[in-house]
S.K.: 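What follows is a structure written as structure tokens; I'll ask about it next.
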Amino acid sequence: MKVIERIAELRAALAPGDPAAFVPTMGNLHAGHLSLVRIAAEHGRPVIASIFVNRLQFGPSDDFERYPRTFERDVELLARAGCDYVFAPTESDLYPEPQVCFVHPRAALADTLEGRFRPGFFVGVCTVVLKLFNAVRPHVAVFGKKDYQQLLVVRDMVAQLALPVRILAGETVRETGGLALSSRNVYLDPRERAEAPRLSAVLQRIEQSINAGSTDWTRLEEAAAAELAAHGWRVDYVAVRRCADLGEPRAGSPLVALAAARLGHTRLIDNREIVDPAR
Ligand code: PAF
């Protein structure tokens, strides 16, 4: 496996016709990322993973500076997972001059949920993802369902801009207690780590209630948010939405329950798809 920093070097290493498969990451890799690498390997070669902590998608009070950076370990994990190239640009490789052109995703998808609490987040994500796609020129790219809204926003950007890349989705990987793997889990202290699985548990209960026939979305959202708050979480949102476009839920259509909440200083997100709700 080769580690490459510069776009020109990456382009020289990759043959233009190769069906490259790409996994963009911000590093501090865990089993969830490695499962995306394995999906990529099933759909193309060479497999390229990027490691780049993208300043553009962090707000002024976000954790850009303290975001965990574990480069050597990440490179080892990627080599073992069957990756062929790691693209690890420095900020000056990817942003040689201040970025003034941005991708503004569809507001209906990007300004709700995460976008409401992290203004500019999806502009930063789409801008870097487009730039990474231009550098890697992948045939397929794999994104995790853990960042459900990001997956939909990127898919929509690809369709809108007719980008020649197929977006694949990888399932969320969870710890035994249900906690979704996330690079930010390392921030949790032991007490918070014991509490953290509640986020997936409340979403699972929403899923069970909907599968049992409940359509009182507001009551389900409020009950989940109240349970989290009662256990010390500061809740940004718990929301039931349509899988296809994150629009308001309708009985019988595939749904997703999404949540974001803070435990101490750590903001966690999670979601559960409810693909076949009771009619
Ligand atoms: O999901 C992430 O890790 C990031 O948002 C991504 C897609 C690598 C863009 O920086």
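Both counts, for ligands and for their atoms, begin at 1 and track the order of listing. Heads up: numbering here begins at 1 and tracks the sequence.
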S.K.: For Val47, does its backbone N or O pair with a side-chain atom of Asp84 as donor and acceptor, under 3.5 Å?
M.R.: yes
S.K.: Can you name the residues that form a side-chain contact (heavy atoms from CB on, under 4.5 Å) with Glu171, not counting sequence neighbours?
M.R.: Lys145
S.K.: Should the ring pair Phe102 and His104 be called parallel, tilted or perpendicular, given that the plane angle runs from 0 to 90° and is split at 30 and 60?
M.R.: perpendicular
S.K.: I'd like to check the salt bridge (charged side-chain N to carboxylate O under 4.0 Å, His left out) partners of Glu175; sequence neighbours left out, ordered by chain and number.
M.R.: Arg193
S.K.: Provide, line by line, the atom pairs where ligand 1 and the protein bring an N/O atom each to a distance under 3.5 Å; else say none.
M.R.:
unit_1   : atom_1 : unit_2 : atom_2 : d
ligand 1 : 1 (O)  : Gln150 : NE2    : 2.8
ligand 1 : 5 (O)  : Gln57  : NE2    : 2.9
ligand 1 : 5 (O)  : Gln150 : OE1    : 2.7
ligand 1 : 10 (O) : Gln57  : OE1    : 2.7

S.K.: If you count every heavy atom of other residues, nucleotides or ligands that lies below 6.0 Å from Arg250 atom CZ, does the total exceed 12?
M.R.: no
S.K.: What residues form a side-chain contact (heavy atoms from CB on, under 4.5 Å) with Asn211, not counting sequence neighbours?
M.R.: Glu207, Ile274
